[in-house]
Amino acid sequence: MPELTYREAVRDALSRALREDETVFLMGEDIAEMGGSMAVTQGLLDEFGPKRIRNTPISEMAIVGSGIGAAIQGMRPVVEIMYEDFLTLSMEQLVNQAAKHRTMSGGQVKVPLTIRTQGGAGWSPGAQHAQQLESWFVHVPGLKVVFASTPEDVRGLLWSAIYDDNPVVFFEHRTLYPLKGEVPDELEPIPLGKARVHREGTDVTVVATGRLVHDALTAAEQAEKDGISVEVVDPRTLLPLDEETIVASVKKTNRCVTAHEAVVRGGFGAELAAVIQHAAFDWLDAPIERVGSKFAPLPFAPVMEQYVIPQVEDVLAAIRRTVARA
Amino acid sequence: MPELTYREAVRDALSRALREDETVFLMGEDIAEMGGSMAVTQGLLDEFGPKRIRNTPISEMAIVGSGIGAAIQGMRPVVEIMYEDFLTLSMEQLVNQAAKHRTMSGGQVKVPLTIRTQGGAGWSPGAQHAQQLESWFVHVPGLKVVFASTPEDVRGLLWSAIYDDNPVVFFEHRTLYPLKGEVPDELEPIPLGKARVHREGTDVTVVATGRLVHDALTAAEQAEKDGISVEVVDPRTLLPLDEETIVASVKKTNRCVTAHEAVVRGGFGAELAAVIQHAAFDWLDAPIERVGSKFAPLPFAPVMEQYVIPQVEDVLAAIRRTVARA
Amino acid sequence: MTTVEEKAGSGGGRVSKEGLRGFFREMLLIRRFEEKVEERFRAGELPGFLHVAIGQEAVASGVCAALEREDVIASTHRAHGHSIAKGTPIERIMAELYGKVEGCSHGYGGSMHLYDVEVGNLGANAVVAGGIPGIVGAALAFQMRGEQRVAVAFFGDGATNAGTFHESMNLAQLWKVPAIFVLENNGWAESTPAKQHLPLPVDELGKRALAYGMKLIEADGQDVEAVYLAALAAREHALSGSGPVLLHLRTYRLVGHYVGDPQVYRDKEEIKKTKATKDPIELLRARLELDEDELASLDAEVMAEVEASVEFAKAGTDPKPEDALANVYAPARKMDRGGLHA
Amino acid sequence: MTTVEEKAGSGGGRVSKEGLRGFFREMLLIRRFEEKVEERFRAGELPGFLHVAIGQEAVASGVCAALEREDVIASTHRAHGHSIAKGTPIERIMAELYGKVEGCSHGYGGSMHLYDVEVGNLGANAVVAGGIPGIVGAALAFQMRGEQRVAVAFFGDGATNAGTFHESMNLAQLWKVPAIFVLENNGWAESTPAKQHLPLPVDELGKRALAYGMKLIEADGQDVEAVYLAALAAREHALSGSGPVLLHLRTYRLVGHYVGDPQVYRDKEEIKKTKATKDPIELLRARLELDEDELASLDAEVMAEVEASVEFAKAGTDPKPEDALANVYAPARKMDRGGLHA
Ligand SMILES: Cc1ncc(C[n+]2csc(CCOP(=O)(O)OP(=O)(O)O)c2C)c(N)n1
Ligand SMILES: Cc1ncc(C[n+]2csc(CCOP(=O)(O)OP(=O)(O)O)c2C)c(N)n1
Ligand SMILES: [Mg+2]
Ligand SMILES: [Mg+2]
């Protein structure tokens, strides 16, 4: 099996879709000559030309909004919002338009639009370039929400997002772009709505997303040395949510930790905890622990930044707290 | 004690603050001659004049953003976003600017800005005039979030919001404006961050916000006929959250239902459930039940609308489910 | 949808008397439809939140007559006229207002969300300016596929203050997509008069186009012929590859912002005078020299249609409550390994 | 902050040689500061994400010299020059880039969030156009209180495509607040050249003002004297009650978008030619006829300051990790029954 970086895996899904399907095209800031601020779309301009790899003005509302209009007319646009902090500028189009057109029209239209974006801390960007906002979109009926953590997943899920007939907000994590991993020769579409069990275990389930999947795996290895067997599950699609896989895991392990980089309060971990405590109430031997950023806008200075965002040790400590319960 | 409607109570807080304090002024669409689309600001133009009761263009970003700038310069602006669906247009200013200025500046500035808005279904507005979005803001460090459900509360909390030195997103519920209730002669500021126990009970705690507080009270009365004693708690301030009062109540009743009009998935009830299962794990005798809207953009036709939004019976059914657990 | 023979021969030509009578009938139909909507709302029969465009009929009729069926529009909260003029039968609109399955949005939309994709109505929008960027995207799709179609956004003077408007205009001009931006300038945004919300004098709002170097075409929005000819010219320009057009039409709202609006903010004399001098239907009646009899028989015809639409709507089917969840997502598509998609 | 004697007597006057030398020194300081920043970043000493404004020094210096200390500015991701010119000592800026407590944002901000409220810097903004509406609000506060102060927003050509820009310009003109919108037009938005992001020719971007009827003042952004005089005129206009000004300054980015940008998207010849002909410091040096000796001694002076700022920064205090949570909220105020607040 070939090895790709997470960045290459995103690019591979994009270029295959562009190659196969004339209705697919890209819009976003600096995605053409520069290949995107994360170098994800490098080379695509050369292969597909400026009609399909479209640099846009700094107009996040119009980028998403025109994507919606083109999607309704039968195209499959993939738009890029350079940092997810700037999704804040397109919320109206995402939430009132993309998510609602189908219901409001009584099923007359569909909006096969993919909105790729990325974010994540750990490189001292300060408060406006690293906020993780995925939980907002989980609250919006009509959207689908994906957050992929490995090269294989990001490729297979992006493909499915592009070919889904609904608007999909697709989160990538900035610190994962250089991450390498094996991927199948042929692109395997990964259905939206299926969680992935990364590691089996019997004592506690960590449900993690994005960068925290990797931190959870590291924490799991460390815990193993103390004889704690950790199962790590990545929902991958946050909406619709694969409750079945997640709940089954917790019913097996009887303990649960949720982990993401977003701040804990109001984060996706809250939804997970609410679902799990409800569905696995009689199985839980300890309160569900939530790991995430501390409640502050991200400060610049590295020492403060590292204090705010969750680390492997935070996951490990949460694992330990759950197993410490009688 | 005088009786005021919820609408009059909001107006009373505004006009007292305007009267006492030159730094307070209002901005919003149609708040002047027309007195606001909900008639909340009626009469204020006559008393305070157009310099302080400012009609704005349809520019939700600029309304919030200019409010931020004026607040940093020592004013206490109260801006109105006509429907909370339109908050989607001002998310960038709210989330990246208002919430972060203080941290980003290392404490040099404060942003004493109040953002009033309203929403709520039950009057067939269709999908773009009734979405309840309060949970998004609970996920944003630097903001405070209030959702008041009675005339007394809305008056006392709005006062505190105006005089708080931080940006406060202040939610009113459209269907509550005509609701009458007693208020103290003198305006009593209600501190942000204090929940209110509306009704004491011993079998189950309903933590409800907005319109659902009243539905919860009605459900509680009906449950009482079956011998179920329900405690109803309204957090009132969603951020910061009065975990102490809420958790103490659940530790007493051992059961909990959360209730709001927003859709359940990713709603404020998720955060409540996550907090409560953690803090009251050993006290809970049943899974926490969440009541809220079904997962759909609000359809227009009344039969479908009523099906989507939560009703008294939904709260009652959830109460019954919790007490049915052994 | 009014069809005007001379359409093919655009470029300053005048519309025949026949053509004008067609416009008159359609505008009257829109007027009577909306009056009926007001009446039924006051009678408590119609749920929701309604905005009528009484006084603005010439805009809807004139613009839509210049469009082809395969052209698309996006409308606003004030959508009945646009929808009728784009070709949706009035009974399907009335049924929508009654929340019926037979409605043009199958009861999911309501007055502020009238859709009819078959005739090119991509939906009315209750968020001011919310529909405009979608029109840029539709026009982009037409351009990319080399289709001779235009995409048209209706919006008001108030909407030109929204950032969404700016970004859309800018992007459309940058990419020279075949879009027409129809600025339906009635001088009010709800209760707020132009001078309180526009930094430009109300009649100079066309200057918004200058910020993008966009083609501006202006016409008297109360004169349906002028609107029609201007819209034809706009369509021609947009299709020529020279870029989009801002079509600025000065018009007048003869009634309140919403049905039931007491208009406390508006001078009673001004309302009276505007009604007396700016009614596009009256103006056209005078020009056509329709006498009372002709008018009465036309009116009876139109009223019968409107009454029939109410009957149709009332006899319609209520959605089932659980239908609420039927259209949240488009159904899953088949997908093969390696990506075949169909 | 450069102080120019002639400031009082505005209106077309020229700046004395003395004054120009002051500008030269400040521009050189900004240049050397930013070159040092690049160097320290490449050496791995500076965390985060850095944008320098090499080539745009005349804008920062010229505009800020025309302001009073009590005037306020909002800056962008490209903020060092604005901050220095508005009067923050460079060692406090350098300390910020090193994430130190002594930094102008106490280590919380970083390069894209330089604040110094005491000298009127309300903060740099990492969201394009994000700081503009706040400036309208600051100007509104000044207007409401009758203070003779202006509020100034810096932003680039790319930012003029943002809805936030439009809403802010529009509101400011509507209310005639004393604001100056400084359009620092370098013809690029990151890797995207003007012709790919602006529908107007890059030199005609001042036309954005026409959409609001706003006063436009234009000047050569590479000529610090021209910038200064234009900014003085803009300030006078803004304070006169006639409304805000769009101050359009054509300038050039001689380097990459961010520190480390390989500029693959940019023609090497164009970069070379621009560097050779558009460097505002070179242009001013030639005009002042500074000889090598004078230049060398000035440079040595300035470099010493810059080196000292690095020493200061490195010797600074690291924040404590838990300080991260210290500024999320302003502390509670005392509040009495009935609402006394103090
Ligand atoms: C973004 C947004 N802000 C506010 C409103 C409330 N609102 C509905 S219509 C309207 C006025 C619109 O004015 P204009 O665009 O001129 O259209 P008109 O009503 O005159 O047809 C306002 C403020 C809204 N629907 N959307
Ligand atoms: C809303 C938003 N979109 C995108 C970005 C990413 N970005 C940072 S700077 C920049 C280009 C800005 O161009 P311009 O306004 O001309 O300023 P310049 O960099 O030329 O000084 C972009 C796209 C951002 N910071 N904010
Ligand atoms: Mg209008
Ligand atoms: Mg630029």
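Order of the sequence lines fixes the chain letters, A, B, ..., with proteins taken first and strands second; residue numbering starts at 1 for each chain.
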J.: Atom CD of residue position B:E22 - does it have more than 12 heavy atoms of other residues, nucleotides or ligands inside 6.0 Å?
T.: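 Check fails, neighbour count at 12 or below.
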J.: So do C:V328 and B:P297 actually touch side chain to side chain, heavy atoms under 4.5 Å?
T.: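 Yes, close enough: below the 4.5 Å cut-off.
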J.: If you compare all heavy atoms of C:A189 against all heavy atoms of B:I58, which two are closest, and at what distance to 0.1 Å?
T.: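 Shortest heavy-atom separation between C:A189 and B:I58 comes out as CB-CD1, 4.0 Å.
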J.: Any chance you could measure C:Q196, atom CD, to B:R54, atom CZ, to the nearest 0.5 Å?
T.: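 Here the rounded value is 10.5 Å.
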J.: With a strict 4.5 Å heavy-atom criterion, list every residue of residues 95-105 of chain C that contacts chain B, or say none.
T.: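 Residues C:E96, C:L97, C:G99 are the ones that qualify, each having a heavy atom under 4.5 Å from chain B.
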J.: Going by residue number, which parts of residues 265-273 of chain C are within reach of chain B, meaning a heavy-atom gap below 4.5 Å?
T.: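 The stretch touches chain B at C:Y265.
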J.: Can you check whether B:M34 reaches C:H257 side chain to side chain, under 4.5 Å on heavy atoms?
T.: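 Side chain of B:M34 against side chain of C:H257, heavy atoms only: no contact under 4.5 Å found.
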J.: Side chain, backbone, both or neither: which part of C:Y329 has a non-hydrogen atom closer than 4.5 Å to chain B?
T.: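 Interface part for C:Y329: side chain.
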J.: Between B:Y307 and C:L325, does the side chain to side chain contact (heavy atoms under 4.5 Å, CB included) criterion hold? Intermediate values first, please.
T.: CA-CA 9 Å; B:Y307 178 78; C:L325 309 184; 4.0 Å; yes
J.: What I'd like to find out is whether the side chain of C:D323 reaches to under 4.5 Å of the side chain of B:V303, using heavy atoms alone.
T.: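 The answer is no; the side chains never approach within 4.5 Å.
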J.: With a 4.5 angstrom heavy-atom cut-off, which part of C:E322 approaches chain B: side chain, backbone, both or neither?
T.: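 Both backbone and side chain.
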J.: If every non-hydrogen atom of B:M304 is compared with every non-hydrogen atom of C:K320, which pair is closest and at what distance?
T.: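 Scanning both residues completely, I find the closest heavy atoms to be CG-O, 3.7 Å.
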J.: Among B:M61, B:M82, B:E305, which residue has the highest count of heavy-atom pairs closer than 4.5 Å to chain C?
T.: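 Most heavy-atom pairs within the cutoff with chain C belong to B:M82.
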J.: Of the non-hydrogen atoms in C:E190 and B:S37, which two are nearest, and what is the gap between them?
T.: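 Heavy atoms of C:E190 and B:S37 come nearest at OE1-CB, 4.5 Å.
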J.: For chain B, which of C:T192, C:T160, C:N125 has the most heavy-atom pairs under 4.5 Å?
T.: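 Maximum pair count with chain B is reached by C:T192.
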J.: Step through the shown structure and confirm whether more than 12 heavy atoms of other residues, nucleotides or ligands are within 6.0 Å of CD on B:Q306.
T.: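 Enclosed: over 12 neighbouring heavy atoms sit under 6.0 Å from CD of B:Q306.
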J.: Donor-acceptor pair, distance only, cut-off 3.5 Å: does the side chain of B:Q128 make one with the backbone of C:A126?
T.: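 Judged by distance alone, yes, a pair lies under 3.5 Å.
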J.: Could you have a look at C:G110, C:G130, C:P321, C:G48 and say which one has the most heavy-atom pairs with chain B under 4.5 angstrom?
T.: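 Result: the option with the highest number of such pairs is C:P321.
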J.: Quick check on B:P302 against chain C: is it the side chain, the backbone, both or neither that has a heavy atom closer than 4.5 Å?
T.: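 Only the side chain of B:P302 comes within 4.5 Å of chain C.
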J.: In terms of heavy-atom proximity below 4.5 Å to chain B, should C:V127 be classed as side chain, backbone, both, or neither?
T.: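 When you check distances to chain B, atoms from both the backbone and side chain of C:V127 fall under 4.5 Å.
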J.: Rounded to the nearest 0.5 Å, what's the gap from OG1 on B:T56 to CG on C:N161? Could you check?
T.: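 Result: 9.0 Å between the selected atoms.
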J.: Is any side-chain heavy atom of B:F300 closer than 4.5 Å to a side-chain heavy atom of C:S111?
T.: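 Heavy-atom side-chain distance check fails, nothing below 4.5 Å.
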J.: Using heavy-atom distances under 4.5 Å, tell me whether B:D30 contacts chain C through its side chain, its backbone, both, or neither.
T.: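 For B:D30, heavy atoms of backbone and side chain both lie under 4.5 Å from chain C.
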J.: Side chain, backbone, both or neither: which part of B:Y83 has a heavy atom under 4.5 Å from chain C?
T.: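 Just its side chain gets close to chain C.
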